[in-house]
Amino acid sequence: LKTLKVALLGFGNAGRAFARLLMKKEAALEARFDCHIAITAISTHTHGCAVDAGGLDLAEAVQTVEAGGRLRGDASLSAMDIITMADYDVLFEMTPLNIRTGQPAIDHIKAAFARGKHVVTANKGPIAWAFDELSALAASRGALFFYETTVMDGTPVFNLAQLTLPETSVTEVSGILNTTTNYILEELAAGKAYEDILSAGRALGFIEADAAMDIEGYDAAAKLTALLNVLMHAHMTPDQVERTGIEHITPADIRAAAARESVIKLYCRGWRDSGRLRATVQPVEVPRGSLLATIDATSSVVSITTEEMGKLSVVEHNPLIEQTAYGLFSDLIRVLNALA
Ligand SMILES: NC(=O)c1ccc[n+]([C@@H]2O[C@H](COP(=O)([O-])OP(=O)(O)OC[C@H]3O[C@@H](n4cnc5c(N)ncnc54)[C@H](OP(=O)(O)O)[C@@H]3O)[C@@H](O)[C@H]2O)c1
């Protein structure tokens, strides 16, 4: 049995859900790849860290953090210390997103590549802000770099294009990518007041305390940028997206759309316009009954148009944290396949 050593940077909702799935699938992975996955390091911000080149007890680590405790590694070790010194083959970057800069996740990934380590990221900041630089660095060091979870959790988007549509030319990418605004627009259409929608969404845990990044379209712009950088070689950053949020949409706008048998959605689109790549995020009116109008609650959709296969659409229906875990797991499988 071989061993693949994995370091988990960030052990929050995504990191722990991934850990649970890994424990569930441990025997299946060993049988299929003749490889044991050893978690050799875990780094958090306030829950301590843990390092053991021989492999940590993952169940105990999950339990400790979920009980509000601290991992008992050397408290002076920073995330960067772990990236630059711990013994691992693959780094999983699962720290919080900084939508304005992509940092410090970009530096985390660079430091792992500098050691020739493979990287899987759930954090979309690096793909939106530094995809070209990071993928060039990975290639120069012979390192693998996967990022399925960064857009629509475990729904195959990048894997769909890279693994099942080889040698196609993508001409357009579009969709509904931000679940918070989708939910808010739907609740507004149902006649609820804006402040009530926000407080109910916060209580249910899917609207952030500071919802501005979603409402003003930044989150959607970052996701669209990640998609375009990977699928259309856009070489762009989120600030280049022509962006309008939903903050100025009123119940009257929604009623007027309804009178025209339409609904309002926050729509993302990237395409080549006379050779120039354009990217827009804006509220649009779509006819009731169209695919976009059926994307309800916290669901999302992405459509990829290629010269060879026309337009394909994938819908993710109301995801839970398990779908995030699967995105990370599917990238681990890509690493295992590549190393087999
Ligand atoms: N949750 C999802 O469904 C989902 C879906 C797709 C993508 N993602 C992405 O996955 C990433 C993690 O999301 P999450 O929901 O797991 O967030 P989370 O619950 O807030 O967890 C973040 C984790 O990172 C740790 N952390 C914070 N700063 C750090 C640093 N500088 N170095 C090392 N660890 C640090 C936190 O430490 P403490 O434990 O001490 O706070 C925590 O363990 C984000 O980039 C997010 O955008 C999440």
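Every number for a ligand or one of its atoms is a count from 1 in the order of the listing.
- In the vicinity of I321, heavy-atom distances shorter than 4.0 Å reach the ligand 1 atoms 1 (N), 2 (C), 3 (O).
- At least one N or O atom of H47, backbone or side chain, sits closer than 3.5 Å to an N or O atom of ligand 1.
- L332 is listed as a side-chain neighbour of L29, based on a closest heavy-atom distance under 4.5 Å.
- Of the options K311, R278, R269, a salt bridge (Lys or Arg N to Asp or Glu O under 4.0 Å) to E172 is made by R269 and by none of the others.
- Those atoms of ligand 1 with a heavy atom of D153 less than 4.0 angstrom away are 5 (C), 6 (C).
- The cluster map of Ile, Leu, Val, Met, Phe, Trp and Tyr, joined by side-chain heavy atoms under 4.5 Å apart, puts L227 and I295 in different clusters.
- Taking every non-hydrogen atom of M94 and a distance limit under 4.0 Å, the qualifying atoms of ligand 1 come out as 11 (C), 12 (C), 22 (C), 23 (C), 24 (O).
- In terms of polar-atom proximity, T95 is counted as a contact of ligand 1, with an N or O under 3.5 Å from an N or O of the ligand.
- Annotation: F145, atom CZ; neighbour count of heavy atoms from other residues, nucleotides and ligands within 6.0 Å is above 12.
- One finds no salt bridge joining D89 and K117 here, because no Lys/Arg side-chain nitrogen approaches an Asp/Glu carboxylate oxygen to under 4.0 Å.
- In terms of polar-atom proximity, defined here as any N/O pair under 3.5 Å, P96 makes no such contact with ligand 1.
- For ligand 1, none of its N or O atoms has an N or O atom of A79 under 3.5 Å away.
- Annotation: H108 places no N or O atom under 3.5 Å from an N or O atom of ligand 1; distance criterion only.
- Salt-bridge formation is not detected for the pair D239/R100: no Lys NZ or Arg NE/NH1/NH2 atom is positioned less than 4.0 Å from an Asp or Glu carboxylate oxygen.
- When each atom of ligand 1 is checked for a heavy atom of T149 under 4.0 Å away, the hits are 6 (C), 7 (C).
- Considering both main-chain and side-chain atoms, K124 never comes within under 3.5 Å of ligand 1 through any nitrogen or oxygen pair.
- The ring pair (Phe, Tyr, Trp, His ring centres under 6.0 Å) test with F18 is passed by exactly one of F92, Y326, F329: F92.
- For R20 and E66, the salt-bridge test passes: some basic side-chain N is under 4.0 Å from an acidic carboxylate O.
- The F11 neighbourhood of ligand 1 comprises atoms 23 (C), 42 (C), 43 (O), with distances under 4.0 Å to a heavy atom of that residue.
- For atom 42 (C) of ligand 1, the nearest non-hydrogen atom of the protein is G12 N, 3.7 Å.
- Short contacts between ligand 1 and S43, defined as distances under 4.0 Å to a heavy atom of the residue, involve ligand atoms 33 (C), 34 (N).
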